Asks: 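I have a structure here, written as structure tokens, and I will follow up with some questions on it.
A, B, ... follow the sequence lines: proteins, then strands. Residue 1 opens every chain. If you're wondering where the values come from, they're calculated on a predicted model, not measured in any experiment.
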Number of protein chains: 2
Amino acid sequence: MDRTAETRAAAETRRAETRAAETRRKGPVGRPRGFDADEALERAMRVFWEQGYEGASLTDLTSAMNITRTSMYAAFGNKEELFRKALERYTEGPASYGVRALREPTARQVATAFLHGAVRATTRPDCPAGCLGVQGSLAAGATGGHARDTLAAWRDEHTAHFRDRLQQAVDEGDLPADADPGALARYLMTVANGIAVQAAGGVPREELQRVADLALRAWPPVG
Amino acid sequence: MDRTAETRAAAETRRAETRAAETRRKGPVGRPRGFDADEALERAMRVFWEQGYEGASLTDLTSAMNITRTSMYAAFGNKEELFRKALERYTEGPASYGVRALREPTARQVATAFLHGAVRATTRPDCPAGCLGVQGSLAAGATGGHARDTLAAWRDEHTAHFRDRLQQAVDEGDLPADADPGALARYLMTVANGIAVQAAGGVPREELQRVADLALRAWPPVG
DNA sequence: ACACATCTGAACCGATCGGTACGGAAGAGG
DNA sequence: CCTCTTCCGTACCGATCGGTTCAGATGTGT
């Protein structure tokens, strides 16, 4: 690893010196790259998005990018740098709804644009489901596929329990008659899963407590 | 893999036949197990919780369980079954707040108990942060550590952008003066991340759209 | 005391992981 | 043309993956 970084750094230094010594160079010398680096990065982003960082093997990545391991290594450094660049591309591409939302005129419009953008971006039919920023290390490779499906089923099962419980509340008049138990149950599970993501990232308990209290303000009054 | 299942199934069949043939057996014959299977499962659960399914290697698991690979294989079948049993234990243990919440008398209390329980369970100082049901395939092993940290920083960075934007809204009177921009920004990011988790699990767009609209009902009025 | 079922530790399996070394092919500049 | 630089494909590296086999230690029921 140290050797690698050292070698690469040395190569870049040498290249810079060469360029400086000859003061100006029209184009890059040597055989030009035989593939579109931008398109390759786009494809790598998709793979990371779908399979996560660890779940995406170099074989998966390079075969999707239609280049060899060596070409990937030369063009992007290593797997970690490739991931970093893919994340940048994701931020400016599929996740650009985030910065767009920030430019909305009112706070409510900011919030609305952001959440609606998140829904659209995570459920586009032509893209992997979910958000690279979350499942970059949520998704799984071949061996983890079963585990991932098991957990998705686990979450759905518990959502169903809440839906049933809330349906009972509607029947009892404890919720408004027009309340949607399925949507409310999904809402609870969504907020709880979001809280788990935040917690895994190190957000402290007090802050998440405020999030939970805030989320409960959306709860319908007794019907 | 087929050989494995076949062998194990054959062994269980043989054991059952033996037991049936001798009609009654006081205790299990042969050398008794030299470790506490319950405690071993508890420890395995922790490792899966912290590192995810793929991120937890057999070496990680067995060394945490203080048993050998062979003992684990004999007692739990294989890694996948071990994970399934760990998830069951998690459901009845750290995640039992879920079923407890279902027993609350009113819908609002159900919702409150569930979200507050989620906050407590995902931020216990003596347990891994987050929820096994989410990061069972969210967390990462040794090689994925950098990626996980990168993504956590990425989410925090964008949360900060929203905080700044909402602070501006407070200054402009677009939000109530007592609104907490940090908490509101965290709330938005939490819901968006939760939506991403749902989407990754296959929840369709229309349903998530209803979730987003529901979440926006918690938004404070123009101040 | 004996036979037997089970546990245990270590060595080992093929497969795959991320990452490299090398030699030939191929375009750019003189 | 020749030379130089870079790209590209292959074959390979050590490490680790999940899983298995086997010999020997160990406790139980007869």
Asks: Of the candidate nucleotides C:dA26, D:dC17, C:dT8, which contains the atom at the shortest distance from the side chain of A:R31?
Replies: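 Between C:dA26, D:dC17, C:dT8, the one nearest the side chain of A:R31 would be C:dA26.
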Asks: Determine, step by step, whether B:L41 and B:R46 satisfy the side-chain contact (heavy atoms from CB on, under 4.5 Å) criterion, reporting the C-alpha distance in whole Å, the side-chain angles of both residues, the deciding distance to 0.1 Å, and the verdict.
Replies: CA-CA 9 Å; B:L41 184 56; B:R46 296 273 193 132; over 6 Å; no
Asks: Among side-chain atoms of A:S57 and A:D60, is any donor-acceptor pair under 3.5 angstrom?
Replies: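 On atom types as modelled, these side chains qualify, holding a pair under 3.5 Å.
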Asks: With DNA chain D as reference, determine whether B:K79 or B:P32 sits nearer its 5' end, using the nearest nucleotide of each.
Replies: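 In this pair, the answer is B:K79.
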Asks: Decide salt bridge (Lys or Arg N to Asp or Glu O under 4.0 Å) for A:D38 and A:R43; before the verdict, give the C-alpha distance in whole Å, the side-chain angles of both, and the deciding distance to 0.1 Å.
Replies: CA-CA 9 Å; A:D38 236 49; A:R43 296 193 183 211; over 6 Å; no
Asks: Consider the side chain of B:T68, meaning its heavy atoms from C-beta on, and name the nucleotide among C:dT8, C:dG19, D:dC8 that approaches it most closely.
Replies: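 Closest nucleotide to the B:T68 side chain: C:dT8.
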Asks: Near A:R120 CZ, under 6.0 Å, is it more than 12 heavy atoms from other residues, nucleotides or ligands?
Replies: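 No - once you tally the heavy atoms of other residues, nucleotides and ligands closer than 6.0 Å, there are 12 at most.
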Asks: For B:T70 and A:N66, find the nucleotide of DNA chain D closest to each by heavy atoms; which residue's nucleotide sits nearer the 5' end?
Replies: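 It is A:N66, whose closest nucleotide lies nearer the 5' terminus.
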Asks: Report the distance from atom CE of A:M72 to atom P of C:dC17, rounded to the nearest whole Å.
Replies: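 Atom CE in A:M72 sits about 13 Å away from atom P in C:dC17.
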Asks: Within this structure, what is the CZ-to-P distance between B:F83 and D:dG19, rounded to whole angstrom?
Replies: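 Those two atoms, CZ and P, are 14 Å apart.
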Asks: C:dC17 P sits how many Å from A:Y73 OH, rounded?
Replies: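 In whole Å, C:dC17 P lies 18 Å from A:Y73 OH.
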Asks: Apply salt bridge (Lys or Arg N to Asp or Glu O under 4.0 Å) to the pair A:E206 and A:R210, showing each step before the final yes or no.
Replies: CA-CA 6 Å; A:E206 304 74 36; A:R210 282 194 290 271; over 6 Å; no
Asks: Could you tell me how far apart B:L58 (CG) and C:dT16 (P) are, to the nearest whole angstrom?
Replies: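 Roughly 17 Å, once rounded to whole Å.
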Asks: Given atom CD of A:E54 and atom P of D:dT16, what is their separation to the nearest angstrom?
Replies: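 Value for this atom pair: 14 Å.
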Asks: Please confirm whether B:R69 makes a cation-pi placement over B:Y73, using NZ or CZ under 6.0 Å from the six-membered ring centre and within 45° of the ring normal.
Replies: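 Because its charged atom misses either the 6.0 Å distance or the 45° angle limit, B:R69 does not stack over B:Y73.
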Asks: Can you pull out the residues from residues 34-45 of chain A that lie within a 4.0 Å heavy-atom distance of DNA chain D?
Replies: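 Within residues 34-45 of chain A, the residues near DNA chain D are A:G34, A:F35.
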Asks: Report yes or no: is the cationic atom of B:K79 (NZ for Lys, CZ for Arg) closer than 6.0 Å to the six-membered ring centre of B:Y53, at no more than 45° off its axis?
Replies: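 Output yes; distance and angle both within limits.
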Asks: Nearest whole angstrom, please: distance from the C1' of D:dT5 to the CZ of A:R33.
Replies: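 The answer, rounded to whole Å, is 14 Å.
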Asks: Using a cut-off of less than 4.0 Å, is there contact between a side-chain N or O of B:S57 and OP1 or OP2 of D:dC17?
Replies: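 Checking D:dC17 against B:S57, a side-chain N or O does come within under 4.0 Å of OP1 or OP2.
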Asks: Starting from C1' on C:dC17, measure out to CG on A:L61 and report it in whole angstrom.
Replies: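 The distance from CG of A:L61 to C1' of C:dC17 comes to 12 Å, rounded to the nearest Å.
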Asks: In this structure, how many angstroms lie between the P atom of C:dG19 and the CD1 atom of A:I67, rounded?
Replies: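 It works out to 14 Å between those atoms.
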Asks: Taking atom types as they are modelled, is there a donor-acceptor pair under 3.5 Å from the base of D:dG19 to the side chain of B:R69?
Replies: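 Check passes, donor-acceptor contact within cut-off.
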